[in-house]
Amino acid sequence: MTTTSKLIHGYEVVIGFETHTQLATQSKIFSRAPTAFGAEPNTQACAVDLALPGTLPVMNREAVACAIKLGLALGSTIAPESIFARKNYFYPDLPKGYQISQFEIPVVQGGEVSFFLGDEKKTVRLVRAHLEEDAGKSLHEDFIGQSGIDLNRAGTPLLEIVTEPDIRSSEEAVAYARELHKIVTWIGICDGNMQEGSFRCDANVSVRKPGAPLGTRREIKNLNSFKFMQQAIDYEIRWQIDQIEDGHAIQQATVLFDPDTGETRAMRTKEDAADYRYFPDPDLPPLRISEQWVQEERARMPELPRTMAARFVADYGLPEYDATTLTQSKAMAAYFEEAAKASGQPKLASNWIMGEISRRVNAGETDIAAAPVTAALLAKLVGRIADGTISNAAARQVFEALWTGEGSDVDALIEAKGLKQMNDSGALEKIIDEVIAANPDNVAQFKAGKDKAFNALVGQAMKASRGKANPQQVNDMLRAKLAAA
Ligand code: ADP
Ligand code: MG
């Protein structure tokens, strides 16, 4: 439920998402064939997946456990009894002539996904999440002018997560998708690999004048990168507004985004549910989930990102922004917690992780879990800043040396590089006296009330100490001397 929405040329944007998450089970949803990606075509499909006569589907318990976990993570109702239905359509990569899905009674009902967009909190309500099987793939081998069918993907378990049309912009759509992606990977039900199609989003987009009934939607299929998602939705919004402004009505349709042209293109007019002739699958009994099973899954759930962020605020006194950022991935959260506990300096640790470390991780240098500066090393480093041994600037040099493998012991590096802050007040006093004597203009300006002149004097003293003086100590001493002079 979004509260505010910005208008584009006087139109309000309305978006609802359907996301197919491929469940991280070893075997398929109704057969024992493996789900591994990238194998030789048709080597991972058994008789059930090929729809040979006489075969029957058997529900994979692990796929159901994944659905329960998602329901628990999103505050949904987990249906004690849900029904599998046949969705009938003809396509070469669907050998049975129907897809087993859930229609009237899905396993997961309701729930919501909340996230921050800037500092505004958004909540998107979910309609449902249902279990279904994936289809195979048609491979078009242009060079021999033939098409082939690969049924390795047939029967791969999917959980399709459907939202209410609560999203109001392309930015919000991407933020929703990122949050959902974070949750499904965090609870371990999906590997989140978008390139391999493990997390595929369909964005239903319409526009309307504020207060008007919902406009006709077009559904952009198979968005498998966050970048394309934003581009595709932005293009689609502009296209629909142009059409309406030119006096054309929007036709409900399924469209594809072409990353090369940056445009969306109609693929087919949209089927209605009636076209699929859904009916309950007589081969599968109703899916029953006991309260005890739900409790067992609850006990196995990891602490969720939202709960963990709240705990970081409460236990470590972090700002909410830091806590939210640090819980973007389980690995980052674990890294932070180890560094915070070992150093007793949560805010300093957070600053380094959100700054220097994230920059390098995001640049693709490494995963945070494999970073050459381990949480234990970072803890040691921020400990040396906190106890006044080194300045921030010196710490950056030590960090660089740790990262590049020049050394692996914080204290030894501080020693070897001569980075210890000057805590000897006698030596510092001498430097300050010299700076005051050498800069009479700045001193006069400071006395005339110019703060900038004071900063210049601090800078001079820091420089004279070759960065080893403690800036706070320089500040205090300088102020005292100038007041006395
Ligand atoms: P279907 O299953 O035929 O695609 P649904 O009614 O289940 O249709 O809706 C699919 C998705 O489209 C949902 O996420 C829903 O919120 C969204 N949706 C429905 N109507 C609109 C609309 N007018 N504009 C944008 N999104 C919509
Ligand atoms: Mg749809």
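Just so you know, ligand 1 is whichever comes first in the structure, and atom 1 is the first atom listed for that ligand. Reckoned from all heavy atoms, side chains included, excluding hydrogens, waters and symmetry mates.
At a heavy-atom distance under 4.0 Å, only side-chain atoms of E18, from C-beta outward, approach ligand 1.
For ligand 1, the atoms closer than 4.0 angstrom to any heavy atom of P165 are 16 (O), 26 (N), 27 (C). For ligand 1, the atoms sitting less than 4.0 Å from at least one non-hydrogen atom of V162 are 13 (C), 14 (O), numbered in the order shown with element in parentheses. Of all the atoms in ligand 1, the ones that sit under 4.0 Å from a non-hydrogen atom of T163 are 13 (C), 14 (O), 15 (C), 16 (O). When each atom of ligand 1 is checked for a heavy atom of F17 under 4.0 Å away, the hits are 14 (O). Atom numbering of ligand 1 starts at 1 in the shown order; those under 4.0 Å from a heavy atom of L214 are 23 (N).
Polar contact check, G215 against ligand 1: a nitrogen or oxygen pair lies under 3.5 Å apart. For ligand 1, the polar-atom distance check against T216 finds no nitrogen or oxygen pair separated by under 3.5 Å.
Between atom 12 (O) of ligand 1 and the options I161, N204, V14, the minimum heavy-atom separation is to N204. Across E164, R217, E219, heavy-atom proximity to atom 8 (O) of ligand 1 is greatest for R217.
Distance alone, capped at 3.5 Å, is enough to place a donor-acceptor pair between the T55 side chain and the L52 backbone. No side-chain donor-acceptor contact under 3.5 Å links T307 to the backbone of E303. No donor-acceptor distance shorter than 3.5 angstrom exists from the side chain of N193 to the backbone of S198, with no hydrogens or angles considered. Remark: side-chain polar atoms of Q102 are not paired, donor with acceptor, to backbone N or O of H130 under 3.5 angstrom. Proximity of a side-chain donor or acceptor of N204 to a complementary backbone N or O of R217 within less than 3.5 Å is not detected.
Contact check on R396 versus E356 returns no salt bridge, with no Lys/Arg side-chain nitrogen under 4.0 Å from an Asp/Glu carboxylate oxygen.
For R298 and W293, the positive end is not near the middle of the six-membered ring at less than 6.0 Å and at most 45° from its axis.
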